[in-house]
Amino acid sequence: MAAFPPSVSGTRRASAVVVVCAFFVGMYVASLAESVAAQNRPGSSAAPTTSPRRIISLIPATTEMLFAMGAGDRLAGVGTYDKFPPEVERLPRVGGLLDPSVERILSLKPDLVIVYDTQTELKGQLARAGIPIFRYVHRGLPDITETMRALGLRVGAAAAADAAAAQIEQQLAGIRTRVARRPRPKTLLVFGREPGSLRLIDASGGYGFLHDVLEVAGGTDVLADLKRQSVQLSTESILARAPEVIIELRYGSALQTDRLEAEHLVWNALPSVPAVKNNRVHLLVGDEFVVPGPRIVLAADRFARALHPDAYAR
């Protein structure tokens, strides 16, 4: 530290020292805060030194993101529930959220493993094995493109990831614009119930990516006041909420047409509900509704077409 002139009093010298020290302490605290914030964002805690060439993704969403940014050829293994794109069918399976196979993962000699942030035990096992990880955290619609950009940066495909993310954002904005200035029907978004009945109904509350997609598509979530991703409903609750549109989602293999029609007719047990009365119950089948990845644009488009068919009329 530079010496002070003799003319400067001891008090002033002490004050100057305090100011200088405070400056460096402030710089250290700011750096520490940024480090903590970075650890809480999706991704890995340490910056990569090289781009990984053997990636394992346990999450269908990040698998689709890697393919979207042109890095799918670096996948050495995927999770049990990965189905898209078709190229994943040739890749080894390593388990999923609840049943990851550490032995299988290690045998594939990965240099990056993408894990759910909640997989605490798996993260510890991989850390002890010296294998880098990318932590996946997801909450709402904006997290899709944020995660895609973070993942692209981690695997050395930042430009391609940013381009793919920007395209998703532009397409979602286009759907939002297309349905703008139209009435926003009160919509019940159902993603689970007991087959053949209206028991054990699970619906989207006012939080999460499905709720966000519904809003982009021009609907008003009839359960928006319940800030949960999943709400279990009784038929009495549905009668009280009186949705104008009901969208029910089905996943996995497409249902046979007769089965789909039978499930659609189950809603006729509530004839006084406006959505049933006005024939505005829609059963949509597709995995794009359950995977918060690049195909979220397709999910939003299908929601918008169900809610606002006039916006798509030729």
Side-chain angles (χ1 to χ4, degrees), residues 31-85 87-88 90-162 164-165 208-209 290-294 296:
S31 175
L32 181 62
E34 172 57 25
S35 176
V36 171
Q39 291 178 14
N40 289 327
R41 291 193 290 265
S44 55
S45 57
T49 55
T50 58
S51 298
R53 307 305 303 176
R54 292 187 60 77
I55 304 170
I56 290 178
S57 170
L58 279 81
I59 299 111
T62 53
T63 298
E64 294 190 20
M65 290 177 189
L66 287 168
F67 276 99
M69 66 181 75
D73 60 343
R74 293 194 243 162
L75 280 164
V78 294
T80 302
Y81 300 102
D82 283 77
K83 298 179 180 178
F84 188 87
E87 289 88 338
V88 301
R90 61 178 173 78
L91 294 170
R93 305 286 168 155
V94 297
L97 172 63
L98 302 178
D99 61 346
S101 172
V102 179
E103 295 78 9
R104 182 68 166 147
I105 291 172
L106 295 178
S107 73
L108 294 172
K109 303 185 184 308
D111 49 12
L112 180 68
V113 179
I114 305 171
V115 301
Y116 293 94
D117 195 40
T118 54
Q119 292 179 303
T120 305
E121 183 177 352
L122 176 61
K123 289 190 295 183
Q125 292 169 321
L126 294 173
R128 288 190 291 274
I131 298 175
I133 64 169
F134 180 96
R135 299 176 295 108
Y136 176 77
V137 181
H138 185 78
R139 291 167 292 272
L141 183 60
D143 292 303
I144 295 175
T145 50
E146 178 184 339
T147 299
M148 182 177 290
R149 289 186 170 100
L151 181 58
L153 183 64
R154 179 62 183 83
V155 303
D162 184 63
F209 82 96
V290 73
V291 179
I296 202 64

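Heavy-atom basis, side chains included; hydrogens, waters and symmetry copies ignored. The first residue of the sequence shown is numbered 1, and numbering continues consecutively from there.
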What donor-acceptor contacts under 3.5 angstrom involve side-chain atoms of residues 55-68, with partners at least two apart or in another chain?
from, atom 1, to, atom 2, distance (Å)
S57, OG, I59, N, 3.4
S57, OG, I59, O, 3.0
S57, OG, T62, OG1, 2.7
S57, OG, T63, N, 3.4
S57, OG, T63, OG1, 2.9
T62, OG1, I59, O, 3.0
T63, OG1, I59, O, 3.1
T63, OG1, D82, OD2, 2.6
E64, OE1, R295, NE, 3.1
E64, OE2, R295, NE, 3.4
E64, OE2, R295, NH2, 2.7

In Å, rounded to the nearest 0.5 Å, how long is the span from [atom1] of [X] to [atom2] of [Y]?
{"X": "L108", "Y": "L91", "atom1": "CG", "atom2": "CG", "value": "9.5 Å"}
{"X": "D162", "Y": "M148", "atom1": "CG", "atom2": "CE", "value": "10.5 Å"}
{"X": "R149", "Y": "T145", "atom1": "CZ", "atom2": "OG1", "value": "5.5 Å"}

Polar side-chain atom of R74 near backbone of R54 as donor-acceptor pair, under 3.5 Å: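 Checking the backbone N and O of R54 against the side chain of R74, no donor-acceptor pair under 3.5 Å is found.
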Atom of M69, atom of G152 and distance for their closest heavy-atom approach: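 M69 and G152 have their closest heavy atoms at SD-CA, 3.6 Å.
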Sequence neighbours excluded - side-chain hydrogen bond (donor to acceptor under 3.5 Å, both in side chains) pairs with any residue from residues 105-121: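 Qualifying pairs, neighbours excluded: D117-K123, D117-R135.
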Atom OH of Y81 with >12 non-hydrogen neighbours under 6.0 angstrom: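 For Y81, atom OH is not crowded (no more than 12 foreign heavy atoms under 6.0 Å).
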Flag side-chain contact, heavy atom, 4.5 Å: L122 against I133: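 With C-beta onward as the side chain, the pair stays apart.
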Derivation of the side chain to side chain contact (heavy atoms under 4.5 Å, CB included) call for F134 and L112: CA-CA 7 Å; F134 180 96; L112 180 68; 4.3 Å; yes
Evaluation steps, side chain to side chain contact (heavy atoms under 4.5 Å, CB included), between V113 and V94: CA-CA 11 Å; V113 179; V94 297; over 6 Å; no
Candidate pair F84 and V291, rule side chain to side chain contact (heavy atoms under 4.5 Å, CB included), full reasoning: CA-CA 10 Å; F84 188 87; V291 179; over 6 Å; no
Expected list for residues 96-103: side-chain donor-acceptor pairs under 3.5 angstrom, two or more places apart:
from, atom 1, to, atom 2, distance (Å)
D99, OD1, G96, N, 2.8
S101, OG, R104, N, 3.2

